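In what follows, every chain begins at residue 1, and chains take the letters A, B, ... in the order their sequences are listed. All values derive from a computational prediction rather than experimental measurement.
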Amino acid sequence: MAHKRQIDRLPIPPKGAKVHNVTCHYCIVGCGYKAYTWDRNKQGTATDNALGIDLSEQQGADGTWLKPSNYNIVKQDGKDVHLAIYADQDCVVNSGLASVRGARMAENRPSEVTGTQQQRLTDPLVWKYGTWVPTSWDDAQDLVAQVTARAIKEGSEDDLVVSMFDHGGSAGGYENTWGTGKLYFQSMNIKHCRIHNRPAYNSEVHSSRDMGVDELNYGYKDYQVTDTIVMWGANPLECQTNVFLNHMKPGMQNGAKFILVDPRRTVTLNAAEDIAGTENTLHLAINEGTDMALANAIMTIIVDNGWTDDAYVANNTFQDGIAVEQDAAHPAALGSLDEAMKSIRMSAEQAAEICGVSADDIRKAASWIAEPMGGARAKCIIGYEKGVIWGNDNYRTVGSLVNIGLATGNIGQEGGGVCRMGGHQEGYFRPPEPFVGRPPTYIDQLLINGGGKVHHIWACDHYKTTLNITEFKKAYKKRADMVKDAIDAAAGGSREDMINAIVDAVNAGGLFVVDVDVIHTKIGQNAHVILPAVEANEMNLTSMNGERRLRLSEKYMDGPGVAMPDCLIAAGMAQNMERVLRAMGDDAYADKFMGYDWETEEDAFMDGYNSGNPEVTYDRLRAMGNNGVQEPVVGHENGQLIGTERLYADGKFTRHGRDDMKALFCASGWRGWQAEGKADEQAAHRFWVNNGRANIFWQNLFLDQANDFVMDRYPYPFVEMNPDDMADLGVGAGDLVELYNGNGATQAMAYPTPTAKRNQVFMVFAHPNGAQGNIINPGVNELVLPDYKHCWADIRKISDAPASVKGISMKSKEYTA
Amino acid sequence: MSKRCERLVDAGRRQFLRGGAVAAAGAAVVTVAPGEAQAAPASAQLDYPSNKLSNVADLAVNEPVDIEYPDADSPGVLLKLGTAVEGGVGPDGDIVAYSVLCPHQGWFLNYNGDDKTFNCPGHYSRYDAEAGGQQIWGHATQNLPQFTLRVADNGDIFAEGCSDLIFGRPSNVL
């Protein structure tokens with residue numbers, strides 16, 4: 001039976017309620033909201049309220065309405081206050097629309113009054129006396145610094161391994177990436193680091209950048225004036241919801257055609273068919289991993305038909321053969337269009353054979369993308385995301401898409417763009433990190449193989465969101481347990497005895513784990529020190545969205561307990577390192593940890609982002625409200641920050657840093673499966689286990705796992721299966737199945753899906769009750785980008801549907817008129 | 001079935017346009033509240049009206065009946081599903097009633113009798129009439145408000161409550 005809130009009325013914000021600008025802290029889109037807070041003992045009335053509308057009247061469709069999920073009672077300056085969050089009708093990003101994620105911001109806040117999110121960490125925890133016990137910041141930070149300093153001094157900075165988020169929104173943002181970046185890339189030169197969602201420190205789109213093209217080069221309004229929208233390995237209705245509803249939908253209503261490249265039929269396609277009509281919608285349901293072959297065939301058709309924008313190519317792209325040779329850091333050569341075509345050339349028939357779609361459909365796609373209409377350039381946007389990024393041959397495949405945009409003059413022009421759709425918002429400002437190297441170290445393998453002695457983790461959960469998790473967990477737990485055992489054995493001794501015991505354990509192959517996060521995570525089960533962080537709106541936080549729109553999302557509540565912004569935790573870590581290193585007599589090294597006297601997150605912002613963008617301050621961003629300013633910011637006039645609507649409008653491509661400012665084409669020759677072990681695994685197992693996100697969940701469910709509405713719907717990760725495959729295996733709707741292969745095993749709840757192809761299933765990626773990454777092999781590309789999407793396994797039934805699954809809907813997710 | 005639900009969408013548009021009349025009716029209800037507050041303490045929970053919707057004998061399987069509850073501005077559907085469901089009432093345990101304003105943005109939902117789902121033409125959310133109005137897929141952050149039903153001995157069906165807040169109002173009883 002569906003979850004019932006049993007809420008039938010809500011408080012009304014009174015006139016005089018505080019109003020805060022809020023950018024949703026979940027996905028890349030960054031929808032605008034207004035958060036109202038007011039004293040617990042006050043309320044507005046239906047006719048006299050902060051909203052200035054008559055609430056005694058039934059509001060019409062799209063009218064202002066406070067959803068119960070966006071109401072809570074939270075702490076503000078130590079007092080309980082009402083919190084009511086409304087989608088901002090005036091924000092150009094979402095125009096008042098709220099996603100199933102953003103509209104739950106309030107109830108996903110910690111509240112001592114309503115009991116929500118009581119899983120949030122309130123105090124530092126340290127493993128002592130055989131368990132985790134709360135302690136002071138001073139005690140916890142001293143332990144971190146003592147052990148970290150000893151490990152580095154007795155070994156090197158390479159013995160400190162760091163996993164750290166690089167995103168905006170959530171608990172990321174310019175403040176927090178700077179705090180961690182300054183610590184690990186300026187005070188130290190940490191080579192052994194990785195990012196939250198991949199096993200190394202690298203770009204998800206190296207080739208686009210090497211070609212001179214930043215991956216977020218358009219504005220969302222370009223969707224409304226384009227001729228063709230191509231979603232390539234992207235599922236925007238679920239994953240960038242309001243870009244689809246508020247920008248792509250109007251674009252299609254204005255006449256844009258829609259192409260989906262995805263082996264799976266998704267709700268995005270279903271909606272596009274409803275909006276544009278099936279005659280203006282094309283689904284290229286290619287064989288898994290064959291995107292580049294399709295792109296190369298489309299590119300070949302474009303070139304052979306003369307649909308290239310020759311003036312654009314001549315003026316804005318490199319003309320003289322090879323500009324960058326293929327080498328260990330560049331999995332393809334880069335250069336002129338003619339040079340690239342030597343590798344790219346593929347006929348529609350060849351691609352049809354590889355991709356499993358018809359040559360006519362490939363030609364149709366090429367025509368929709370590039371055939372000039374009435375002598376004018378065809379406007380086309382190609383949006384790509386994890387189907388490409390976490391796909392086969394990342395470097396060349398991303399390059400093959402950017403090739404199409406460059407050849408047709410669609411980058412930097414109205415209604416154009418070749419952009420990633422994005423996951424989190426962005427918010428990266430860190431010192432350069434040349435010591436990381438390219439290719440970088442494969443950190444998961446380093447840890448599995450006994451490398452590193454101390455591991456600092458910043459909001460990453462490798463037990464849910466990496467590849468090869470089964471193997472990783474086994475090795476990691478063993479190493480971390482060595483330190484737990486050493487701590488337990490040293491109980492009752494002095495502080496020095498404890499530090500010595502830990503250092504001895506890490507020298508013997510153990511790993512000392514420091515986990516900074518907002519909750520006690522799965523990998524946190526193996527941590528020794530756990531430090532509580534706050535999220536956006538428990539601090540002021542700046543990020544940019546998928547069209548580079550920079551906003552200040554304002555603090556409206558206190559963090560739980562003594563939790564702090566990550567940037568201030570990093571500052572505390574630096575200050576403790578300085579103190580400990582001085583006590584050890586190394587003043588020169590200690591001096592490198594100076595410069596963290598930040599009182600607030602704004603201090604960190606000014607020390608970092610503002611140093612590179614002197615026009616941008618908190619006050620100026622606050623004045624720009626929820627519409628903010630699109631980066632790069634180029635000035636400040638009449639009280640307004642001046643931004644950039646679209647990159648490369650002048651045809652000068654800068655992302656690669658070349659003096660000639662010419663874009664490069666990628667010699668993206670097709671070469672089949674690129675990551676190790678994929679072809680063999682495909683041959684050995686029946687099911688392709690496609691995987692990814694779903695609308696209702698935010699990332700690895702770190703908050704949603706304590707959200708009743710979400711967990712009622714999906715108590716287990718779903719795996720969408722063709723009903724005939726289910727019948728073959730004797731699996732009923734909602735039954736628990738195990739997915740297994742040589743890499744490990746995981747579990748999911750079977751969700752009958754008639755549109756699923758036979759022998760292909762889709763499993764939600766990072767559910768706490770079944771991590772899909774358990775069964776992904778360790779294969780990565782040359783630059784250590786994981787190929788999560790390509791995983792094959794066998795499936796068997798574990799049990800009938802558990803009690804929590806009985807009664808939940810198993811119907812098709814596709815809208816019917 | 002779907003034709004009638006198309007009309008529901010049209011009804012929603014009309015309703016949106018006639019906001020002035022609704023405002024007058026709503027204001028009349030609300031203005032009595034302050035006066036009463038001094039006479040008696042406010043109740044801890046809402047008092048819902050008990051409204052007769054239909055009679056068991058008048059319902060046909062999978063033929064939704066348009067209803068309005070708790071008042072004329074809150075459209076809903078009364079539905080005999082044909083198979084017993086958790087929370088269903090009546091002799092066959094298969095009668096349910098829901099608000100048909102999508103709890104995402106308040107658009108009128110269409111009923112699809114083929115798979116017994118409610119569907120939003122605005123943003124593609126879907127709700128399962130056989131699973132307590134659970135959102136199958138969509139953007140709403142709650143399931144479909146389900147009306148609490150009572151069946152009298154003579155088969156009359158009354159609505160007497162609601163499981164969730166109805167779109168577009170701060171209180172289910174305005």
Side-chain H-bond candidate by donor/acceptor type, A/Asn70 with A/Glu107, under 3.5 Å
no
For B/Asp164 and B/Gln142, test the side chains for any donor-to-acceptor distance below 3.5 angstrom and give the result as yes or no.
no
Using distance alone, with no hydrogens and no angle criterion, decide if A/Arg5 and A/Ser69 have a side-chain donor and acceptor under 3.5 Å apart.
no
Return yes if a side-chain donor-acceptor contact under 3.5 Å exists between A/Glu273 and A/Asn270, otherwise no.
no
Under 4.5 Å, counting heavy-atom pairs only, tell me which of B/Asn119, B/Thr141, B/Asp128 racks up the most with chain A.
B/Thr141
Which region of B/Cys120, side chain (C-beta onward) or backbone (N, CA, C, O), has a non-hydrogen atom less than 4.5 Å from a non-hydrogen atom of chain A, or is it both or neither?
backbone
Anything in residues 85-95 of chain B with a heavy-atom distance to chain A below 4.5 Å? Please list those residues in order.
B/Glu86, B/Gly87
Applying side chain to side chain donor-acceptor pair (under 3.5 Å), can you list everything that pairs with B/Gln134, at least two apart in sequence or on another chain?
A/Asp712
Applying side chain to side chain contact (heavy atoms under 4.5 Å, CB included), can you list everything that pairs with A/Leu237, at least two apart in sequence or on another chain?
A/Phe244, A/Leu245, A/Val267, A/Thr268, A/Ala271, B/Tyr124, B/Trp137, B/His139
Please rank B/Asn172, B/Thr117, B/Ile136 by heavy-atom pairs under 4.5 Å with chain A and give me the top one.
B/Ile136
ring-ring contact (aromatic ring centres under 6.0 Å, His included), paired with B/Tyr98, selected from B/Phe118, B/Phe147, B/Tyr69, B/Tyr111
B/Phe118
If you tally heavy-atom pairs under 4.5 Å against chain B, which of A/Thr64, A/Ile808, A/Thr45 wins?
A/Ile808
Is it the backbone or the side chain of B/Arg126 that comes under 4.5 Å from a heavy atom of chain A, or both, or neither?
side chain
Just give me the residue among A/Leu10, A/Ile275, A/Ile7, A/Asn695 that pairs up with chain B most often, heavy atom to heavy atom, under 4.5 Å.
A/Asn695
What residues of residues 44-59 of chain B make heavy-atom contacts with chain A at a cutoff under 4.5 angstrom?
B/Ala44, B/Gln45, B/Leu46, B/Tyr48
Looking just at side-chain N and O atoms, do A/Tyr36 and A/His82 make a donor-acceptor pair shorter than 3.5 Å?
no
Considering only heavy atoms, which portion of A/Lys67 lies under 4.5 Å from any heavy atom of chain B: side chain, backbone, both, or neither?
side chain
Report the distance from atom CD of A/Glu814 to atom OG of A/Ser812, rounding to the nearest 0.5 Å.
5.0 Å
The reported gap from OH in A/Tyr71 to CG in B/Leu165 (rounded to nearest 0.5 angstrom) is 12.5 Å
Let's test your reading of the structure: which of B/Ser125, B/Cys102, B/Gly138, B/Gly161 forms the most heavy-atom pairs below 4.5 Å with chain A?
B/Gly138
What do the steps show when you test A/His767 against A/Tyr714 for ring pair (Phe, Tyr, Trp, His ring centres under 6.0 Å), and what is the final call?
CA-CA 9 Å; A/His767 196 290; A/Tyr714 294 120; 8.0 Å; no
So, A/Thr816 versus B/Asp114: side-chain donor-acceptor pair below 3.5 Å or not?
no
Do the numbers put A/Arg264 on top of the ring of A/Phe762, so that NZ or CZ is under 6.0 Å from the six-membered ring centre and no more than 45° off the axis?
yes
State whether A/Tyr751 and A/Lys811 meet the cation-pi test: NZ (Lys) or CZ (Arg) under 6.0 Å from the six-membered ring centroid, and within 45° of the perpendicular axis.
no
Quick check on A/Leu66 against chain B: is it the side chain, the backbone, both or neither that has a heavy atom closer than 4.5 Å?
backbone
